[in-house]
Amino acid sequence: MTITASRAGVNGAVLALTGHLDHATAPTLLSSLLAQVDAGRHHAVLDLAELRSCDSAGADALVALKQLAESAGGRLVLTAIRGSVQRELERAGLIGVIRTTITRRDALAALGLGADASDA
């Protein structure tokens, strides 16, 4: 899995995921969000447009990410969920538990971060 991080406003981050979120890659994603939170970016958008698959360990990691963001006073939004990833998140019962949007712009707006994101 590849993670591309961008800053969104003063206290937000966008993490765009490419590849597969599973037991082998989930710790990397957790570390990436922790680094963002440590840098003061406690609101996060996970852009899943290029994520090809997500297993149950990946779904568990998303729950942990939500808890991490909330413990820092922030929120987590998932965006651009497609295909098998959508089905896995539905199977795991996460749709409705973690906020989702159709587009990155909608996710940023839901967090009050505007539509701009720059490299972080």
Side-chain angles (χ1 to χ4, degrees):
M1 180 179 62
T2 302
I3 303 168
T4 304
S6 302
R7 182 177 294 174
V10 174
N11 61 357
V14 175
L15 301 176
L17 310 183
T18 303
H20 308 278
L21 178 55
D22 55 28
H23 70 281
T25 59
T28 302
L29 180 56
L30 289 167
S31 294
S32 293
L33 185 60
L34 184 58
Q36 296 297 323
V37 168
D38 286 347
R41 294 183 283 275
H42 50 270
H43 294 300
V45 172
L46 291 188
D47 186 333
L48 307 182
E50 299 299 322
L51 190 65
R52 298 294 173 229
S53 67
C54 176
D55 68 7
S56 61
D60 291 344
L62 295 177
V63 172
L65 292 174
K66 178 182 186 292
Q67 293 169 342
L68 174 61
E70 289 175 351
S71 71
R75 292 181 291 154
L76 176 73
V77 177
L78 307 178
T79 192
I81 307 166
R82 299 170 196 214
S84 65
V85 175
Q86 174 82 24
R87 288 187 295 280
E88 177 59 34
L89 297 184
E90 288 171 353
R91 194 172 15 258
L94 295 183
I95 304 300
V97 172
I98 299 175
R99 175 111 189 234
T100 61
T101 64
I102 302 296
T103 68
R104 184 184 288 200
R105 179 177 298 258
D106 292 341
L108 292 168
L111 294 173
L113 298 173
D116 296 327
S118 61
D119 290 337

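Hydrogens, waters and symmetry mates are skipped; everything else that's a heavy atom, side chains included, is used. Keep in mind that what you see is a predicted model, and the values were worked out from it rather than measured. Note that the numbering runs from 1 along the sequence shown for the chain.
Of all heavy-atom pairs between G73 and H43, the closest is O-CE1, 4.1 Å. A80 and D47 get closest at one heavy-atom pair: CB-OD1, 3.7 Å. Of all heavy-atom pairs spanning L89 and A59, the tightest one is CD2-CB, 4.4 Å. L76 and A69 get closest at one heavy-atom pair: N-CB, 4.2 Å. Contact between A44 and L111 at its shortest, heavy atoms only, is O-CD1, 3.7 Å. In terms of heavy atoms, A8 sits closest to L108 at CB-CD2, 3.6 Å.
L113 and V14 fall within a single hydrophobic cluster, where Ile, Leu, Val, Met, Phe, Trp and Tyr side chains are chained together by heavy-atom contacts under 4.5 Å. By the criterion of side-chain heavy atoms lying less than 4.5 angstrom apart, applied directly or through intervening Ile, Leu, Val, Met, Phe, Trp or Tyr residues, L17 is grouped together with I98 in one hydrophobic cluster. M1 and L65 fall within a single hydrophobic cluster, where Ile, Leu, Val, Met, Phe, Trp and Tyr side chains are chained together by heavy-atom contacts under 4.5 Å. By the criterion of side-chain heavy atoms lying less than 4.5 angstrom apart, applied directly or through intervening Ile, Leu, Val, Met, Phe, Trp or Tyr residues, L33 is grouped together with V63 in one hydrophobic cluster. Under the 4.5 Å side-chain heavy-atom criterion for grouping Ile, Leu, Val, Met, Phe, Trp and Tyr, L68 is connected to L15 within one hydrophobic cluster.
Under the 4.0 Å criterion applied to side-chain N and carboxylate O atoms, E88 and R91 are assigned as salt-bridge partners.
For the residue pair T79/T101, the side-chain donor-acceptor check at 3.5 Å is satisfied.
The side chain to side chain donor-acceptor pair (under 3.5 Å) analysis of residues 67-76, with sequence neighbours excluded, yields the pairs K66-E70.
Note that CZ of R7 is 8.5 Å distant from CD of Q36, once rounded to the nearest 0.5 Å.
Judged purely by atom type and a 3.5 angstrom limit, S84 has no side-chain atom pairing as donor or acceptor with the backbone of C54.
In terms of the side-chain hydrogen bond (donor to acceptor under 3.5 Å, both in side chains) criterion, residue partners of D22 (sequence neighbours excluded) are, by chain and number, T25.
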Quick one: do R41 and N11 satisfy side chain to side chain contact (heavy atoms under 4.5 Å, CB included)? Show the steps, please. CA-CA 4 Å; R41 294 183 283 275; N11 61 357; 5.5 Å; no
Please lay out, stage by stage, how R52 and V85 fare under the test side chain to side chain contact (heavy atoms under 4.5 Å, CB included). CA-CA 7 Å; R52 298 294 173 229; V85 175; over 6 Å; no
Show your reasoning for whether side chain to side chain contact (heavy atoms under 4.5 Å, CB included) applies to T100 and I95. CA-CA 7 Å; T100 61; I95 304 300; 4.2 Å; yes
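Residues D55 and H23 form a side-chain contact, since some pair of their non-hydrogen atoms from C-beta on lies under 4.5 Å apart.
Considering I3, L51, L62 in turn, L62 is the only one that fulfils the side chain to side chain contact (heavy atoms under 4.5 Å, CB included) rule with L46.
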